[in-house]
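Structure, as structure tokens:
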Amino acid sequence: DRSAQLYLRLRFTKNNKKKRTRHSMAYQTRGRDPLFDSEMAQTLEKRSKELLGIALLVVASGLAVLLFSYHPEDPYFLSASEQPAQNLLGRFGASVAAPVHMVVGLGGWGLFAVIAAWGLRMVLHAGADRALGRLIFVPVWMAVLSLYAASLTPGAVWTGAHSFGLGGLFGDTVLAMLLNILPVHASFGLKLLSALLGLGMVVLGAFVLGFTRAELGRVARFMLVGLI
């Protein structure tokens, strides 16, 4: 009948309007230009990496200052002393340097090396893309550094101010466990472990700091030319 024809015609008209609206929206979406072109996006990515690298270098500098100016008698959050801190970064620096030396000893300098190296790589755009696969081994390298430092004989100044060795409490504890496991005399075992740990420290350190074989070759040639 006539009413049914009018209903179908109205419905057909509405469906056509919806299709045209969808097509126009899709065309507008496809035709819209990106906010930044590829060259601008690459430039922004480079600048952001450089800013992150500069921030890491600033953090590394602060860490070097507080580790270098560490004093065993400085007050920190576990001490009740009220005397002024001799650390160059004040009580904050003492509160960071004291636990680091207590736990890993001189191995704490490895953290400075990692932050400084990767900050420099980001600023210079030299292998920053390798960071994720290398940085996951930083705790292992820190442990090796602590163990190697613990295998060294501390001087009289360190011994008089600390109840632990150069590798901190972690280095002393784990090194003592390893010496008890080795089926050799303690003195020989200590020399053997020290040599192996030193080798592992260098190899793992080169990996953690992002060096490739080509970069190590250039460093070796530079050192060789310097010696000649």
Side-chain angles (χ1 to χ4, degrees), residues 52-78 85-124 126-128 130-131 134-176 178 190 193-211 215-216 219 223:
L52 179 58
I54 292 173
L56 290 176
L57 290 175
V58 171
V59 173
S61 300
L63 184 61
V65 169
L66 66 87
L67 289 177
F68 181 77
S69 59
Y70 162 72
H71 196 277
E73 296 181 358
D74 277 350
Y76 64 106
F77 58 89
L78 291 180
Q86 300 183 45
N87 196 289
L88 294 178
L89 294 185
R91 196 176 185 90
F92 170 77
S95 298
V96 175
V100 170
H101 281 82
M102 182 183 299
V103 177
V104 294
L106 297 182
W109 282 97
L111 186 59
F112 157 76
V114 169
I115 298 175
W118 286 105
L120 191 61
R121 285 187 177 278
M122 288 187 177
V123 171
L124 300 177
R130 299 191 294 267
R134 305 294 184 94
L135 292 178
I136 57 176
F137 294 96
V138 170
V140 180
W141 188 48
M142 295 280 294
V144 173
L145 285 172
S146 177
L147 288 171
Y148 177 72
S151 68
L152 303 177
T153 303
V157 176
W158 182 278
T159 305
H162 302 87
S163 59
F164 46 84
L166 296 175
L169 296 175
F170 172 82
D172 287 352
T173 303
V174 178
L175 185 64
L178 293 176
L190 181 61
L193 283 176
S194 182
L196 293 176
L197 288 169
L199 179 62
M201 175 186 65
V202 173
V203 174
L204 189 57
F207 179 80
V208 168
L209 298 180
F211 284 97
E215 291 176 346
L216 290 175
V219 171
M223 296 177 64

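This one's a predicted model, so the numbers in the text were calculated from it and none came from an experiment.
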Over all heavy atoms of both residues, which pair between [X] and [Y] is shortest? Give the atoms and the distance, please.
X      : Y      : result
Ala94  : Pro99  : O-CD, 4.1 Å
Val144 : Gly200 : CG1-C, 4.2 Å
Leu88  : Ser69  : N-OG, 3.1 Å
Leu120 : Leu57  : N-CD2, 3.8 Å
Gly53  : Met122 : CA-CB, 3.8 Å
Asp172 : Ala150 : OD1-CB, 3.8 Å

Checklist line | ring pair (Phe, Tyr, Trp, His ring centres under 6.0 Å) partners of Phe137, counting only residues at least two apart | finding: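 Expected list: Phe207.
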
Next item on the list: Measure up the Trp158 and Phe164 rings against each other and bin them: parallel (under 30°), tilted (30 to 60°), perpendicular (over 60°).
Entry: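 Geometry flag for Phe164 against Trp158: perpendicular rings.
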
Next item on the list: Please say which of Leu63, Leu67, Val65 ends up in a side chain to side chain contact (heavy atoms under 4.5 Å, CB included) with Leu89.
Entry: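 When Leu63, Leu67, Val65 are each tested with Leu89, the side chain to side chain contact (heavy atoms under 4.5 Å, CB included) holds only for Val65.
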
Check: Are side-chain heavy atoms of Val208 and Val114 found at a separation under 4.5 Å?
Finding: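 Sidechains of Val114 and Val208: in contact.
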
Next item on the list: For the residue pair Val123 and Ile54, establish whether any side-chain heavy-atom pair is separated by less than 4.5 Å.
Entry: yes

How many angstroms lie between [atom1] in [X] and [atom2] in [Y], if you round to the nearest 0.5 Å?
X      : Y      : atom1 : atom2 : answer
Tyr148 : Leu193 : OH    : CG    : 12.5 Å
Leu197 : Leu152 : CG    : CG    : 9.5 Å
Ser61  : Leu66  : OG    : CG    : 11.0 Å
Leu166 : His101 : CG    : NE2   : 9.5 Å
Trp141 : Leu135 : CH2   : CG    : 11.0 Å
Phe170 : Leu145 : CZ    : CG    : 10.5 Å

Notebook entry, point to check: Is the backbone N or O of Ala85 less than 3.5 Å from a side-chain atom of Asp74, with the two atoms forming a donor-acceptor pair by type?
Noted result: no

Check: Is a donor on one side and an acceptor on the other found under 3.5 Å between the side chain of Arg130 and the backbone of Phe211?
Finding: no

Next item on the list: Go through the structure and list residues passing salt bridge (charged side-chain N to carboxylate O under 4.0 Å, His left out) with Arg121, not counting sequence neighbours.
Entry: Glu215

Next item on the list: Please identify each residue that fulfils side-chain contact (heavy atoms from CB on, under 4.5 Å) with Pro139, with sequence neighbours left out.
Entry: none

